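Every value quoted in this text rests on a predicted model; they were computed, and no experiment measured them.
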Amino acid sequence: MALFVTSRCKLRVAIPSGTLERLQTMMEELRKRVLFSKNGQEAHISDLNRQLKKNKAGKQRLLNAITNGTIENDEFTSTRRHGGMR
């Protein structure tokens with residue numbers, strides 16, 4: 001058993017052998033999980049940004065086609081442009 005003494009409250013606690021090593025292993029695993037989670041979130045945000053960029057480009061192409069007269073600005077396109085069916 002190892003002896004752990006805190007400097008603030010003068011508390012002596014007996015720690016079973018191997019506990020510090022297990023704690024260090026657990027902390028390393030936690031760091032890996034946090035890093036993996038952060039990378040996963042960044043990848044998801046990146047994917048969402050790509051989808052947003054693609055949708056904006058499609059919207060712009062549609063509006064350009066309507067402006068140029070390629071597509072007629074009928075009730076359907078007008079309804080879609082203003083937020084969906086009513």
Requested in this report: Assess the side chains of Gln51 and Asp47: does a donor N or O sit below 3.5 Å from an acceptor N or O?
Outcome: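 Side-chain D/A pair, Gln51 to Asp47: present.
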Report task. Mark yes or no for whether Ser37, through its side chain, and Arg33, through its backbone, hold a donor-acceptor pair below 3.5 Å. Result ->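 Not a single qualifying donor-acceptor pair exists.
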**Report entry** salt bridge (Lys or Arg N to Asp or Glu O under 4.0 Å) partners for Lys38, two or more places apart
**Finding:**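 Lys38 satisfies salt bridge (Lys or Arg N to Asp or Glu O under 4.0 Å) with no other residue.
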Query - For Arg22, all residues meeting salt bridge (Lys or Arg N to Asp or Glu O under 4.0 Å), sequence neighbours excluded - result: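 Partners of Arg22 under the salt bridge (Lys or Arg N to Asp or Glu O under 4.0 Å) test: none.
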Nearest 0.5 Å, what's the [atom1]-[atom2] distance between [X] and [Y]?
X	Y	atom1	atom2	result
Thr67	Leu63	OG1	CG	6.5 Å
Met26	Thr19	CE	OG1	10.0 Å
Leu35	Leu30	CG	CG	11.0 Å

Query - Contact check, side chains of Glu29 and Lys32, non-hydrogen atoms, under 4.5 Å - result: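 They are in contact (side-chain heavy atoms under 4.5 Å apart), so the answer is yes.
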Query raised in the report: Under 4.5 Å between any side-chain heavy atoms of Arg61 and Asn64, yes or no?
Result: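 Answer no - side chains too far apart.
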Query raised in the report: Taking NZ, NE, NH1 and NH2 as the nitrogens, is one of them in Glu28 or Arg31 under 4.0 Å from a carboxylate oxygen of the other?
Result: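 Answer for the salt bridge query: no.
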Report task. Test side-chain contact (heavy atoms from CB on, under 4.5 Å) on Ser46 and Arg50 and set out the steps. Result -> CA-CA 6 Å; Ser46 180; Arg50 275 192 300 275; 3.1 Å; yes
Query raised in the report: Could you walk me through whether Lys56 and Leu52 pass the side-chain contact (heavy atoms from CB on, under 4.5 Å) check?
Result: CA-CA 6 Å; Lys56 283 183 177 181; Leu52 178 62; 4.0 Å; yes
